[in-house]
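As structure tokens, the structure follows; a few thoughts come after it.
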Amino acid sequence: MALATSLVLTSCSKLGELTADNFTVTPSPLEEVAGQVPLTINGRFPEKYMKKKAVVTVIPVLRYAGGEVQGQAATFQGEKVQGNDQEISYKLGGNYTMKNTFNYVDAMAKSELYLTFDAKIGKKSVEVPEVKVADGVIATSTLLSRTAGSATTESAQDMYQYAIAQTKEAQIKYLINQSKIRTSELQSVSVQEFVKTLREIKADAKGFQIDGLEVSAYASPDGKTDFNEKLAAKRQGTSTDYVQKELKNMNLDAYVDSKYTAEDWDGFQQLVAASNIQDKDVILRVLNMYEDPEQRETQIRNLSAAFSELADEILPELRRARLTVNYNIIGRSDDEIQAQYKQDASQLSVEELLYAATLTDDAAEKESIYKTTVKQYPSDYRAYNNLAELAYQKGDYATAQNYLSQALSKNSSSAEANANTALVELAQGNVDKAEQALGKATTASNYKEIVGNLNIAKGNYAQAASDLAGVSSNSAALAQILNKDYASAASTLSTISAPDATTSYLKAILSARTGQSSTAISNLKDAIAQDSSLKSRAATDLEFASLFSNSTFQSLVK
């Protein structure tokens, strides 16, 4: 009614006032998304407002402490104006839509959106008073700079093994139809190396740990099956006796598992497949076509030229016994590594040093060990990466960045270093650099979690919530709050293993959004107690607009 009255009283040479009732702003309050403040203004010129010769330019202005920024203007014209702007009927009035985007700065957390007007009727300028249409800006997504700091980093793992499995094999070959071991075979390189390994195991019981020995004896698949059965068994006996004799001479106690294979068709097939003998493909087809050993042998013997080659090149290799010793090389125990580090760290391998850092939960001690590692092994990227992790977890992003640069100079394709670089860049608001680094970290175990954080930064809240599903972190809860999935956010916040000030602040936002004022204040009190810098943020945070008049809230943020 006030607007109607003002329009009636306005002369034909004036336009009169507009009020906030003539405009709807979405969202309201304004919200920051991916570093910008996007908004849509739906406006209406009332009936008999737009004079037929009037031209009105609407200019959005976002004002905040220390500055203001103008948005994209839109111009409208009356029915008798010759121009290309949207025409508004004098009699009926008209609706219009304006879309604008402002680049967000922190001061906009407490700001006001005004519409200002540049209006003319004909050639004469007329005054249209500015109108406040919205408050701003909710910037909850900027909490990513805090939540990303507690995201899971990627450690570069040590390759230390206390027990390294080893195997040593030897082979004793027999003459056709014989089971006696020839002296020349016992003097072969493979047998001599086998015996040497047994002696080394005996001589250094601390450094070696024997798992057992195996003896596997074979007969070639030519001849009668019954004869080959007995022959393979005899070869098992002579080869096992030899091994047990050697163990006895060395006074080495070890279990010997022995067995025999009467006709070694598997070995035969492997040797034929790897050979260049005549009719190789035909022989292999015979093996596939016939399961019966006698049929196989008969068919192969029919290939007279090929069988001659088999008799000379393949079958002698199958008249054998294979000797195997399985053992472990034993390294330093945890206590021995820690003692050696204190006594003389230069005697530790890079794997032992990296492993040593995993034996303590003290961050300062870890840092000291990693610094020792980079000093002794400067070309290995892993200690640099892990030093960056420690710096990142302390919020020292500059130091983390420096260590990561060194890690990447040693190994530019390191998934761990690139993943951690992405987190450091995200925490500092460098979204493009984070995305670039993440592209080189697809195999990192925390890849999907980082993608979730990146999608928060890019304003893809639904996707971020999906990426972070099942992750109990501040970032996961932030994504769920921004996606308005408050039940999931509450569940996530309750399961965070090491809640911090940001956790409490997110709980306060969640409580405020769900109308739990007293709980919001309680959580906010916890957040500020842990990090006093949150006090100034809370004082202007529109998430708590419903609490601004609350005396407890006011005393808390003073």
Side-chain angles (χ1 to χ4, degrees), residues 1-33 36-65 67-104 108-139 459 484 542 545-546 548-549:
M1 289 179 64
L3 176 62
T5 301
S6 68
L7 290 176
V8 168
L9 296 175
T10 300
S11 69
C12 293
S13 63
K14 294 185 178 180
L15 292 173
E17 296 183 2
L18 294 170
T19 71
D21 293 336
N22 295 110
F23 307 96
T24 301
V25 179
T26 306
S28 183
L30 305 178
E31 293 182 23
E32 178 273 340
V33 179
Q36 296 184 316
V37 183
L39 58 96
T40 300
I41 302 168
N42 291 299
R44 174 168 179 77
F45 288 111
E47 299 172 3
K48 297 183 179 180
Y49 181 86
M50 183 66 75
K51 302 297 189 285
K52 293 183 180 182
K53 292 184 179 182
V55 176
V56 179
T57 299
V58 182
I59 309 164
V61 180
L62 188 60
R63 294 174 180 160
Y64 51 91
E68 67 175 35
V69 59
Q70 289 189 357
Q72 181 65 44
T75 301
F76 307 91
Q77 63 187 43
E79 296 166 283
K80 291 186 176 182
V81 176
Q82 299 297 316
N84 297 318
D85 298 310
Q86 181 179 340
E87 186 177 289
I88 303 295
S89 168
Y90 172 73
K91 183 177 181 180
L92 300 176
N95 299 323
Y96 60 91
T97 298
M98 300 171 59
K99 291 185 178 294
N100 263 265
T101 301
F102 299 98
N103 292 325
Y104 179 75
M108 290 179 182
K110 185 176 182 181
S111 57
E112 296 174 318
L113 179 66
Y114 282 84
L115 296 182
T116 62
F117 306 92
D118 183 1
K120 291 183 179 180
I121 300 177
K123 295 182 179 181
K124 183 179 180 181
S125 296
V126 295
E127 181 180 355
V128 177
E130 63 184 22
V131 181
K132 178 185 171 182
V133 292
D135 288 306
V137 172
I138 292 177
K484 296 180 172 58
L542 290 179
S546 63
F548 284 172
S549 60

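Given the structure is predicted, the values throughout are model-derived calculations rather than measurements.
- Note: Asp135 CG to Leu62 CG = 10.0 Å, rounded to the nearest 0.5 Å.
- Checked by atom type and distance alone, the side chain of Thr116 never pairs as donor or acceptor with a backbone atom of Glu130 at under 3.5 Å.
- The structure places CD of Gln86 at 10.5 Å from OG1 of Thr75, a figure rounded to the nearest 0.5 Å.
- You'll find the side chain of Tyr104 stays beyond 4.5 Å of the side chain of Val33, heavy atoms only.
- Formation of a donor-acceptor pair under 3.5 Å by the Lys51 side chain with backbone atoms of Lys14 is found in this model.
- From Lys53, atom NZ reaches atom CD1 of Ile121 across 10.5 Å, with rounding to the nearest 0.5 Å.
- Within the structure, salt bridge (charged side-chain N to carboxylate O under 4.0 Å, His left out) contacts touching residues 72-90 (residues at least two apart or in different chains) do not occur.
- Summarising the geometry of Tyr64 relative to Lys110, their closest heavy-atom pair is CB-O, 3.6 Å, with the distance given to 0.1 Å.
- Between Leu92 and Ser89 the shortest heavy-atom distance is N-OG, 3.1 Å.
- Closest heavy-atom contact between Ile59 and Ala73: CG1-CB, 3.8 Å.
- Taking CG from Leu542 and OG from Ser28, the interatomic distance works out to 9.5 Å, rounded to the nearest 0.5 Å.
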* To do: Walk me through it: do Arg44 and Asn95 pass the test side-chain hydrogen bond (donor to acceptor under 3.5 Å, both in side chains)?
  => CA-CA 4 Å; Arg44 174 168 179 77; Asn95 299 323; 3.1 Å; yes
* Asked: Does the pair Leu113 and Val25 meet the rule for a side-chain contact (heavy atoms from CB on, under 4.5 Å), with working shown?
  -> CA-CA 9 Å; Leu113 179 66; Val25 179; 4.2 Å; yes
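- Checked options Phe117, Phe76, Phe23; the residue passing with Phe45 is Phe76 (criterion: ring pair (Phe, Tyr, Trp, His ring centres under 6.0 Å)).
- The heavy-atom pair separating Ile88 from Gly94 by the smallest distance is CG2-N, 3.8 Å.
- A donor-acceptor distance shorter than 3.5 angstrom exists from the side chain of Tyr49 to the backbone of Gly16, with no hydrogens or angles considered.
- Taking CG from Leu15 and NZ from Lys120, the interatomic distance works out to 13.0 Å, rounded to the nearest 0.5 Å.
- When all heavy atoms of Met98 and Val58 are compared, the pair lying nearest together is CE-O, 3.6 Å.
- Between Pro27 and Leu39, the shortest heavy-atom contact is CD-CA, 4.3 Å.
- Taken from CD in Glu68 to CE in Met108, the straight-line distance is 10.5 Å, to the nearest 0.5 Å.
- At distances below 3.5 Å, at least one donor-acceptor pair connects side-chain atoms of Asn100 with backbone N or O atoms of Gln72.
- When side chains are defined from C-beta on, Tyr90 counts as touching Lys48, because their heavy atoms get closer than 4.5 Å.
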